[in-house]
Amino acid sequence: MPVDDPVTVVLAVARPPRRYGRRTPRSPDSVTPAATVGRPSPTAAPQPRQDTMDYQEFITIVEQVADISGEEAESVACLTLRLLARRVTPGEAEVLGERLPERLRPCLEPDGPPERFHVDEFVRRVAEHTGIDAGTAAEQARGVLAALWRAVSPDEFEDLRSELPKDFYPLMDTAMAAAPPPAEDEPPFAGGLFYDEFLDRVAELAATDRDHAHRATEAVLDMLGLRLSAGQADDLLPLLPLQFRPALRRGGARSRGGAVPLSPDVFLHDVAKRAGVTRGDATKDVRAVFAVLREAVGEKEYHDAIARLPGAYRPLLQPG
């Protein structure tokens, strides 16, 4: 991978999720008026559904994930949504728009026939319209996708994913991982290891650094969410640090709540691909994450979920 390609670098490397709460959300009265060309009119859309996300919450997520100002977040939010509307079918754009805040719905109204472009062109257009470099444009688009993931259901976000080329997936995956969970829906932490402790133990057992330990843990939990039933995954969620829960949910969203019968070979192959390592290193990573997961969730939950995987998984459940 060329190290001088900012788009490739930004999309390929999933950074650990940001810690939230750094900024104080602005009151609705302080929101910059949508006067710039391409921004939606507050009166241009029908009345919002009761279960739609608040406009300011959407913009605050974009601010926090992309680390930009509120004015920048408002501008790039509508731009990114317009580009998505050009890439997907009108029906998909309409479904997504129904779950968005009223002020953002016009941004998903198609202004022409669907186009076919890949993620590099998507990022290039964001950069061109905002006057920023490609790496920064990818970060800002990631912030919008993170807010979109929070605004719609996992199934709807997965439907969006299915209409896009596979080279969009890393951007969408890291957006989901970076999105803050809804505080009112997030179960309180009840596990045995906090985030830093979990990460340090994985790094120790896998003989690697913390950055790789984070990527490896996310890759394993993503595939585990795909392999477990919805009930088994739900039982594990409160026992995981908040930073790792999106990965388990991401796998569950792809499975649509049903356990996908993955063989250990497929499990390992996909972990290696997601973490960007060889199969041998992936084996070491999986064993380390499973060992630490056992410490974190306790014997009962470990046995109820992970230890009940088919017998072919047993070699992966044995520490290094």
Side-chain angles (χ1 to χ4, degrees), residues 14 16-21 51 53 57 61 64-65 146-147 149-158 173-205 210 213-260 262 267 271 274 285-309 313 316-317 319:
R18 298 182 186 276
R19 297 185 181 275
Y20 295 91
D51 58 350
M53 177 185 282
E57 183 182 1
I61 292 173
Q64 294 177 330
V65 174
W149 179 74
R150 274 287 311 278
V152 305
S153 71
D155 282 352
E156 287 166 346
F157 197 79
E158 188 64 19
D173 287 346
T174 54
M176 288 189 284
E184 66 275 11
D185 297 335
E186 193 66 45
F189 176 66
L193 294 175
F194 290 104
Y195 172 72
D196 286 333
E197 296 172 314
F198 196 111
L199 204 58
D200 287 340
R201 287 289 292 134
V202 173
E204 177 185 359
L205 292 179
R210 284 169 57 91
H214 181 95
R215 291 196 301 274
T217 301
E218 284 206 327
V220 173
L221 290 176
D222 187 312
M223 295 305 299
L224 191 61
L226 188 63
R227 183 62 183 79
L228 298 178
S229 68
Q232 290 172 320
D234 287 345
D235 289 342
L236 290 179
L237 271 176
L239 305 173
L240 288 176
L242 293 176
Q243 293 89 336
F244 289 134
R245 294 180 187 183
L248 191 68
R249 286 193 174 107
R250 187 162 64 240
R254 290 191 291 124
S255 73
R256 297 187 182 271
V260 177
L262 302 173
F267 191 98
V271 167
R274 292 171 184 276
D285 291 342
V286 170
R287 287 174 174 166
V289 173
F290 277 146
V292 178
L293 202 55
R294 188 170 192 164
E295 298 176 31
V297 306
E299 289 297 325
K300 180 182 183 304
E301 292 300 339
Y302 183 84
H303 181 269
D304 287 348
I306 299 165
R308 290 190 179 182
L309 291 172
Y313 276 80
L316 295 179
L317 303 182

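- Ala146 approaches Ala179 most closely through the heavy-atom pair O-CB, 3.7 Å.
- Between the CD atom in Gln232 and the CG atom in Leu237 there is a gap of 12.5 Å [rounded to 0.5 Å].
- Note that CG of Leu240 and CG of Leu193 are 10.5 Å apart. Values are rounded to the nearest 0.5 Å.
- Pairing each heavy atom of Phe194 with each of Pro241, the nearest pair is C-CG, 4.0 Å.
- Minimum interatomic distance between Leu248 and Ala233 (heavy atoms only, all atoms of both residues): CD2-O, 3.6 Å.
- At a threshold of 4.5 Å between non-hydrogen side-chain atoms, the residues Arg245 and Pro187 count as touching.
- A 4.5 Å side-chain heavy-atom check between Leu236 and Leu228 finds at least one atom pair inside the cut-off.
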Show, in sequence, the C-alpha distance, side-chain angles and deciding distance for Ile61 and Trp149, and conclude whether the side chain to side chain contact (heavy atoms under 4.5 Å, CB included) test is met.
CA-CA 10 Å; Ile61 292 173; Trp149 179 74; over 6 Å; no
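- Put simply, CG on Leu262 and CE on Met223 are 5.0 Å apart, with the number rounded to the nearest 0.5 Å.
- The two atoms that bring Ala190 and Leu239 nearest to each other are O-CD2, 3.3 Å, heavy atoms only.
- Between Ala259 and Ser229, the closest heavy-atom pair is CB-N, 3.7 Å.
- Rounding to the nearest 0.5 Å gives a distance of 9.0 Å between OG1 of Thr174 and CD of Glu218.
- The closest side-chain heavy-atom distance from Leu205 to Arg287 is not below 4.5 Å.
- Checked for salt-bridge contact, Arg201 and Glu204 meet the test: a charged N lies under 4.0 Å from a carboxylate O.
- Remark: Phe267 engages Tyr313 in a ring-ring contact (aromatic ring centres under 6.0 Å, His included) (not counting sequence neighbours).
- By the side chain to side chain donor-acceptor pair (under 3.5 Å) test, Glu301 pairs with no residue at all, sequence neighbours left out.
- The backbone N or O of Ala203 lies less than 3.5 Å from no partner atom in the side chain of Arg210, so there is not a single donor-acceptor pair.
- In this structure, His214 and Tyr195 have perpendicular ring planes: the angle between them is above 60°, well past the 30° mark.
- Between Asp173 and Arg274 there is a side-chain heavy-atom pair separated by less than 4.5 Å.
- The shortest side-chain heavy-atom distance between Leu224 and Leu293 falls under the 4.5 Å cut-off.
- Residues satisfying the ring-ring contact (aromatic ring centres under 6.0 Å, His included) criterion with Tyr302, sequence neighbours excluded, are absent altogether.
- Here the closest heavy-atom approach between residue Phe290 and residue Val220 is recorded as CE2-CG1, 4.3 Å.
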